[in-house]
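Throughout, protein chains are lettered first and strands after them, A, B, ... in sequence-line order, and every chain is numbered starting at 1. We use all heavy atoms of the structure for the numbers below, so side chains are in, but hydrogens, waters and symmetry mates are not. Since the model is a prediction, treat every value here as computed from it, not as a measurement.
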Amino acid sequence: MNYKRHTVTAALPYANGPLHIGHLAGCYLPADIYVRYLRLKGDDVIFICGSDEHGVPITIKAKKEGITPQQVVDKYHKLMGDTFSDFGISFDIYSRTSGKVHHETASDFFKTLYAKQIFREEVTEQYYDEKAKQFLADRYIVGTCPKCGNENAYGDQCEKCGTSLSPTELINPRSTLSGEKPVLKKTKNWFLPLDKMQPDIERYIETHKDWKTNVYGQCKSWLNQGLQARAMTRDLDWGVKVPVEGAEGKVLYVWFDAPIGYISATKELVEEKRKSNPQSKTLDWTLYWKDKETRLVHFIGKDNIVFHCIIFPAMLMAHGNYILPDNVPANEFLNLEGDKISTSRNWAVWLHEYLIDFKNKQDVLRYVLCSNAPETKDNDFTWKDFQAKNNNELVAILGNFVNRTLVLTEKYYNGIVPEADTLTNNDLALLDEILQFPKKISSSLDAFRFREALAELMNMARAGNKYLADNEPWKMASTNDARVRTVMNISLQIAANLTVLMEPFLPHSAKKLSTLLNLHNLKWSDTNRTDLLKPGHKLGKAELLYDKIEDIEIEKQIQKLIDSKKMNDSQMPQPAADAQAALQQPKPDITFDDFSKMDIRVGTIVEAERVPKTDKLLKLTIDTGIDRRTVVSGIAGFYNPENIIGQKVSLLVNLAPRTIKGITSQGMILMAENSNGELSFVSPTKQNSNNGSVIK
RNA sequence: GGCGAGGUAGCUCAGAUGGUUAGAGCGCAGGAUUCAUAACCCUGAGGUGGAGAGUUCGACCCUCUCCCUCGCUACCA
């Protein structure tokens with residue numbers, strides 16, 4: 001199908017933290033490359049993004065920091081917008097979901113579905129905090145986990161045992177807002193009946209078998225499991241107000257409102273264009289969302305597949321008149337030095353920090369992240385690889401080719417493009433080869449194969465290097481001017497074509513190269529010729545496109561990560577964590593007799609192994625001084641069995657035995673838990689306590 | 001446990017519908033060269049294609065079993 005225009009979106013980043021390399025590699029960089037390529041071809045394209053600013057985690061962060069949700073999102077909206085712009089992510093608009101246009105758009109969208117009676121209304125009982133006068137999101141309720149007895153389980157999940165919970169399952173629930181016991185109160189919510197819509201969604205997915213296997217496969221997986229109706233409203237005061245009667249104190253579910261953010265941002269963009277350009281007066285946003293000749297493409301990370309491939313299309317179908325996503329090229333995840341990127345563990349390369357350490361090297365990161373992008377499977381980013389790709393590819397191949405061409409031209413012809421003499425068969429063959437690259441790169445980009453496209457770009461620079469090496473103009477400088485002029489002319493034409501082809505991937509470098517060549521405003525279609533630089537054209541002064549990165553700079557980055565790791569191991573309490581802990585109320589008083597019923601002893605771990613087919617359990621053999629006994633403990637997420645042999649622990653020895661996974665556990669190891677649910681052994685600080693020593 | 005995606009050279013990864021000697025870049029070894037940021041260019045070594053079985057004239061690609069990694073989901077303290 002031939003489309004007249006493209007609406008390209010990049011996932012709205014959630015405004016509760018800064019951006020890291022995973023964001024860029026997974027979503028924003030491929031999207032930007034694709035859009036720049038389309039623009040160079042002269043296609044009508046809009047590139048949409050913005051901050052996702054609603055939802056419970058932002059309200060929690062605000063509470064922890066003692067500021068308003070609006071202050072949280074203002075801070076990160078600014079930071080993320082600046083970061084994108086620094087890295088040359090060329091959004092036509094970077095909007096935000098707390099904006100007025102978005103609230104109206106999302107609200108209208110909901111009203112339309114409501115009027116069409118799409119929603120299923122359900123009254124359920126939810127916890128309500130009478131003191132704070134509001135319904136409590138699952139995350140705002142803590143209580144005792146019915147499964148493991150953890151007294152600080154959240155309403156949606158017990159972080160200790162990992163069980164998914166609903167708030168009503170908690171024993172002794174408490175509100176984290178006031179510490180009060182919440183009461184159950186009836187509340188009405190509106191559900192999108194995905195179960196009923198499943199056949200339509202299936203038909204839609206079936207017409208897109210061309211999607212990437214990871215995307216299509218994930219969709220099939222969801223469909224096979226059967227879709228469930230999802231509540232599209234929440235009892236919360238931060239978000240888009242639900243615009244129907246009887247919905248006071250409710251907002252739209254963040255995943256309902258976020259994708260609508262693409263539409264609101266489009267409206268804003270079109271409005272801007274109309275104001276600034278008289279020719280755009282009649283431009284209408286619906287062109288980009290409701291015209292069958294518009295191609296809608298969503299760039300996202302794999303965590304968003306279900307929302308963009310199933311829920312959002314379902315919303316659009318239910319609304320009617322909208323076009324549906326034609327492709328959703330989701331990437332997998334990027335790891336960092338072999339470990340998962342983690343914000344809470346500070347295991348990340350933060351983009352705003354990168355630009356401080358590697359000033360003006362945004363293209364280097366773009367290059368490395370694209371050439372190693374997680375297109376088909378999770379990939380690993382390492383600093384050594386980053387250095388190697390910079391030094392051996394950008395510097396040695398691309399930068400070097402451009403530099404030697406310019407330096408030679410400067411030396412022989414004072415920086416003026418020489419006229420080619422008779423072309424040899426080899427020259428013609430090379431020119432033919434050069435003209436193949438734009439086609440190869442196009443077809444790779446059309447298929448969202450960005451790594452392949454970038455590799456071809458580098459191959460073109462290689463071909464240039466080889467051409468120079470084969471023809472050795474420096475050997476004939478004084479003997480065969482006609483030949484030297486020809487070789488230099490051809491080399492310069494290659495550089496000129498590179499300027500265009502590299503622009504989507506390396507926009508900053510492309511701009512610099514344009515200046516060096518004194519050649520501007522080229523289009524993709526200009527790459528079908530090899531006479532872009534006319535004889536007599538004056539070039540700019542030769543300058544290096546890229547600098548080598550020394551070992552010491554890389555070691556500094558690696559050290560930074562090692563420090564993060566140390567920090568995590570020592571489990572420094574975070575201020576925010578303390579604030580959270582302070583909210584937990586003390587338990588009711590007990591007597592000394594109650595306490596003395598517990599027999600807590602010092603013990604030593606003498607054997608440890610993982611319990612098969614579980615994520616969290618270790619089977620431990622403990623020397624208690626009295627005996628040796630087996631204890632099953634849920635600490636595998638925090639300790640490796642081989643590292644804890646000989647560890648002194650505190651053990652509740654007279655806890656009634658319990659069989660877990662077929663193993664009889666005799667006792668319970670006491671652990672200190674921080675607010676992130678991370679566990680640490682509690683043991684005597686002096687070595688003078690033998691096994692069996694009583695803890696009292 | 002169920003589902004999805006993967007497991008290909010030392011490293012990071014490509015390989016349309018099954019068809020002759022399985023590819024690239026980096027790294028490594030040798031050579032050539034000096035215009036260029038000791039860069040470029042050439043040559044070479046390196047793979048029982050996770051393991052095993054099956055279908056086929058023929059399988060990295062299809063089927064089955066098992067092992068490992070990642071994700072979703074379930075269960076578990």
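A 3.5 Å limit on both hydrogen-bonding distances identifies no Watson-Crick or G-U partner for C76(B). G47(B): no Watson-Crick or G-U partner with both key distances under 3.5 Å is found in any strand. For A5(B), the paired nucleotide is U69(B), the pair qualifying as Watson-Crick or G-U wobble because both relevant distances are below 3.5 Å. For A59(B), there is no paired nucleotide, since no Watson-Crick or G-U wobble pair has both relevant distances below 3.5 Å.
As rounded to the nearest Å, U20(B) and C75(B) have P atoms that lie 49 Å from one another. Rounded to a whole angstrom, the distance from the C1' atom of C3(B) to that of G19(B) is 34 Å.
Atom P of nucleotide G4(B) and atom CZ of Phe333(A) are separated by 19 Å, given to the nearest angstrom. The CG-P distance, from Asn392(A) to C41(B), rounds to 11 Å in whole Å. The separation between Gln387(A) atom CD and G27(B) atom P is 11 Å, rounded to whole Å.
Relative to the side chain of Asn400(A), the nucleotides C40(B), C70(B), G4(B) differ in distance, and C40(B) lies closest.
Using modelled atom types, one side-chain atom of Asn392(A) and one backbone atom of Ala388(A) make a donor-acceptor pair closer than 3.5 Å.
Geometrically, Lys302(A) engages Phe333(A) in a cation-pi contact, judged by NZ or CZ lying under 6.0 Å from the ring centre and within 45° of the ring axis.
Within 4.0 Å of Leu545(A), counting heavy atoms only, lies at least one base atom of the nucleic acid.
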